[in-house]
Amino acid sequence: MKKFDKDRLILGFAGPVLALVSAFLLTMIVLAATGIDPIEPLRLMVENASYEDVQILIVNQAGTYYLAALAVAIGFRMNLFNIGVDGQYRLAAMLSAVVGAAVTLPGPLHLLLIVLVAMFVGAFWSGIAGVLKAKRGVSEVVSTIMLNAIATSLIAWLMLTKNLGVQIEGSNDLTTGDIAESGWFPAVSLGDGLELYGFTFVAFALGIVYWFALNRTRFGFDLRATGASESAAQASGVDAKKMIITSMLISGAVAGLAGMPQLLGETHTYNLAFPVGVGFTGITIALLGRNSPVGMLFAAFLMAFIDKASASLDQNGYAKEIGTIMKGLIVIAVVVSYELVRRYGIRRQQQKVGEELAAGHAMKTEKEVAA
């Protein structure tokens with residue numbers, strides 16, 4: 001039994017390690033094939049990450065990515081592919097910013113209102129896909145992709161035609177207005193103008209909540225059971241359709257929180273420059289971290305490192321898009337590596353069963369001879 005657990009642990013680490021090694025090797029091959037020094041950009045990225053201001057940026061970005069990954073992972077554990085995290089996150093950030101700028105309340109209440117609005121909007125937008133899946137059998141992949149596009153158009157429509165966006169003088173940018181200081185989340189000041197978003201710590205704490213809910217509660221058991229086999233879960237008394245809707249609502253609510261570190265910690269408004277693609281990066285992180293809260297934490301820091309450390313590559317004569325290439329190759333490597341590890345695991349398990357049967361047969365033969 002101990003040997004089996006050891007094998008499972010090794011296989012669990014083999015996928016991410018193989019994916020990362022493959023991705024970095026492929027990046028070096030691509031750079032070398034285009035006539036670029038494959039080592040120097042990576043060295044510069046590591047050097048950039050040694051500066052304190054870049055390190056703070058990495059930690060802040062990792063918090064946002066971690067929340068997006070948690071939202072994706074909740075769907076994954078239910079065997080649902082919530083591709084709509086990006087739309088849920090952006091729509092939630094925009095509407096919560098509008099509400100936050102429109103009201104003035106005592107600090108805790110103002111902050112709580114903004115967070116609740118973000119969670120409600122994210123849950124509502126994700127819940128549409130959940131209801132379509134549970135009631136009409138519509139693939140959540142198709143519906144969430146469409147909802148992403150609708151969210152983008154809805155944000156533009158609300159800001160451009162419904163006067164929710166205010167044009168900044170001397171700029172083409174639109175903003176929802178500034179949230180009063182009572183609605184800001186306290187940051188950790190590190191001096192020299194460097195601040196850690198306070199909501200980043202909330203993001204990491206939610207990883208603990210995610211682990212506890214998934215592994216130590218009846219709800220988590222039902223969710224994992226339904227994801228493993230919907231028919232078996234139904235036979236044991238679990239309402240599979242209700243679990244689909246519930247998990248999509250929770251996934252969307254967490255996705256709605258993904259914009260809170262930046263909204264409440266830095267910009268205090270939503271504008272056209274608000275980051276996009278966070279949800280898709282969350283998918284990569286959830287895959288690389290294998291839906292584990294610890295694995296996703298490391299993956300979130302890795303993606304944040306690539307983003308922030310590669311941002312200044314153009315100042316040294318290299319395209320900062322090298323970071324984008326690395327992230328794309330990681331996605332490809334994750335899919336291929338995990339499939340190879342899965343197949344190897346199946347063969348290894350079959351081999352072990354064969355060895356145990358052979359050993360049992362040999363022991364039986366020895367007893368018969370001795371008798």
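From a predicted model like this one, the values you see are computed outputs, not experimental measurements.
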Quick check on [X]: does its [atom1] atom have over 12 non-hydrogen neighbours (other residues, nucleotides or ligands) under 6.0 Å away?
| X | atom1 | value |
| --- | --- | --- |
| Tyr318 | OH | yes |
| Arg43 | CZ | yes |
| Tyr338 | OH | yes |
| Tyr344 | OH | no |

Residues which pass salt bridge (Lys or Arg N to Asp or Glu O under 4.0 Å) with Glu321, listed by chain and number, not counting sequence neighbours: none

Check [X] against [Y] and note the closest heavy-atom contact, atom names and distance.
| X | Y | result |
| --- | --- | --- |
| Phe280 | Asn148 | CZ-ND2, 3.7 Å |
| Ser247 | Leu223 | CB-CD1, 4.0 Å |
| Ala299 | Ile285 | CB-CG2, 3.7 Å |
| Leu31 | Pro41 | CD1-CG, 4.2 Å |
| Ala92 | Ala118 | CB-O, 3.3 Å |
| His110 | Ser182 | ND1-OG, 2.7 Å |

The ring pair (Phe, Tyr, Trp, His ring centres under 6.0 Å) partners of Phe204 (sequence neighbours excluded) come to Tyr66, Phe301

Is there a continuous path of hydrophobic side-chain contacts, each under 4.5 Å between heavy atoms, that joins [X] to [Y]?
| X | Y | value |
| --- | --- | --- |
| Ile245 | Phe76 | no |
| Val30 | Val335 | no |
| Phe221 | Ile250 | no |
| Leu263 | Val188 | yes |
| Phe24 | Ile322 | yes |

Which distance, rounded to the nearest 0.5 Å, do you find between the CG of Leu288 and the CD1 of Ile283?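 Going from the CG atom of Leu288 to the CD1 atom of Ile283 covers 13.5 Å.
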
Atom CG in Leu109, atom OG1 in Thr104: separation rounded to 0.5 Å?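 Leu109 atom CG to Thr104 atom OG1 measures 12.5 Å (nearest 0.5 Å).
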
Quick one: are Val294 and Trp211 in side-chain contact, heavy atoms under 4.5 Å?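 No - every pair of side-chain heavy atoms lies 4.5 Å or more apart.
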
Just wondering, do Arg90 and Met94 contact through their side chains at under 4.5 Å, heavy atoms?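 No - every pair of side-chain heavy atoms lies 4.5 Å or more apart.
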
Side-chain H-bond candidate by donor/acceptor type, Gln88 with Asn82, under 3.5 Å: yes

Side chains of Ser251 and Ser126 only: does a donor on one sit below 3.5 Å from an acceptor on the other?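 Their side chains do not contain a donor-acceptor pair, so the 3.5 Å distance test is not met.
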
Mind checking whether Tyr89 and Phe274 have parallel, tilted or perpendicular rings, split at 30° and 60°?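 The arrangement is tilted - the two ring planes meet at 30° to 60°.
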
